[in-house]
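Inspection log for the structure reproduced underneath, given as structure tokens.
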Amino acid sequence: MSKHHDLSQDTQLNQILSKELARQRNKLQMIASENYVSEAVLTACSSIFTNKYAEGYPDHRYYGGCENADDLEILTQARARKLFGAEHANVQPHCGSSANMASYFSILKPGDTILGMDLAHGGHLTHGASVSFSGKLFKTVFYGVRKDTEYIDYEALAEIAEREKPNVIVAGASAYPRIIDFPKFREVANRCGAYLMVDMAHFSGLVAAGLFPSPIPYADIVTTTTHKTLRGPRGGMILCRKILGKAIDEQIFPGIQGGPLLHVIVAKAVALGEALEPDFIDYQKQVVKNCQRLGFNMADAGYRLVSGGTDTHLILIDLRPSGITGQAAQIALDMAGITSNKNAVPFEKERFTIASGLRLGTAALTTRGLLEADIDVVSDFIIEALRFIGDENKLKKIRMRVEDFIQQFPIYPTLK
Ligand code: DSN
């Protein structure tokens, strides 16, 4: 057997894998869109289904030998429908972007209008940004947050919708720390005859646990990734009303994707099964408690939180009053063993690559078992690192303390 057929003998690749495992083990993972999957999900990702093609849907496949793939997909769809109370589920999207793309294609024609949340106000690239397919193929208009409260400006949303008559309104965001008023979105969409699509990628775990209002009763289509607060494998999913199910399915396959990643669908089934267990609710409650504690600590240290706090798993810090850029903060935190990301804050003028904000999330640390008192320690590390931006020595010393601290919360003990 050549060394390329035995992973343990592939030194080059092993070095990369063990360095990544060490990075995930020894650093504070605070990117709001990441998490640590269970060992069961991890194992499921590498199941035997990686070998199988299954273009099509259960009972309508283009290849033979799909009887087990059918059972798998039917089971996964059923778990998704049960968890979110949805009429129809498509579990094939490879990612959130393809879930959004297929959703648009099922209800829009090129040149139709999308009304989405401004990227600079917390929205997502696929909600109409000019650099994304969504901004290239469709006409796009945006709503955002109010300058005074930094909550979504629902009045402006209604005015823009009235004026622009969008074909679809997209609710959902990547850097918005507050609850979203879905009944209000529905009312606005009804008034202008638009579809309502909700991208709940960031908060779908909170929705599953009943800690964030469910968009399902209000939206025509709900998309999500499966790897953020939902704590599954990297991938996407679409939930919709039965009436749109066929159109959505056709746009995923053959519309924009080929064969489904069945091994990822196995892992989605595992994660959905985990999310149906009662302790998933306790986990999500702790995610929010931890995040609120983090927000409180950062504000207490003088940092300005966009919207003044959080209802969710993430906070967004406006660094402008502190005289630091998002990029400088991200680099300093990285040196201190804290993984985060710079982020635009509403109404800022800085380039996206520099940005004036810092986005922090607690989903991953909560999976490791951190509670509020531990978040106090984490907050102190962050505050100290931001104070010593540019001082490599000091940041390195913080990193050593971070590494020491996080050993109390082991992950993947059997992995090497
Ligand atoms: N890239 C994701 C995030 O970090 O929020 C959104 O898809």
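In what follows, every heavy atom counts, from backbone to side chain, and hydrogens, waters and symmetry copies are set aside. First listed ligand is number 1; within each ligand, the first listed atom is number 1.
Partner of Leu28 under the side-chain contact (heavy atoms from CB on, under 4.5 Å) criterion, out of Thr339, Val377, Val402: Val402 alone.
Between the side chain of Asp153 and the backbone N or O of Gly144, no donor-acceptor pair lies under 3.5 Å.
Of the N and O atoms on the side chains of Asn26 and Gln407, at least one donor lies less than 3.5 Å from an acceptor on the other residue.
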Ligand 1 polar-atom proximity to protein (N/O, under 3.5 Å):
from, atom 1, to, atom 2, distance (Å)
ligand 1, 4 (O), Ser33, OG, 2.6
ligand 1, 4 (O), Arg359, NH2, 2.8
ligand 1, 5 (O), His202, NE2, 2.6
ligand 1, 5 (O), Arg359, NH1, 2.8
ligand 1, 7 (O), His124, NE2, 2.9

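Ring pair Phe105/Phe133 is perpendicular by interplanar angle, where above 60° counts as perpendicular and below 30° as parallel.
Scored by the side-chain contact (heavy atoms from CB on, under 4.5 Å) test, His94 finds Ser98, Gln257, Leu261 as partners (sequence neighbours excluded).
Ring centers of Phe253 and Tyr62: under 6.0 Å apart, within the cut-off.
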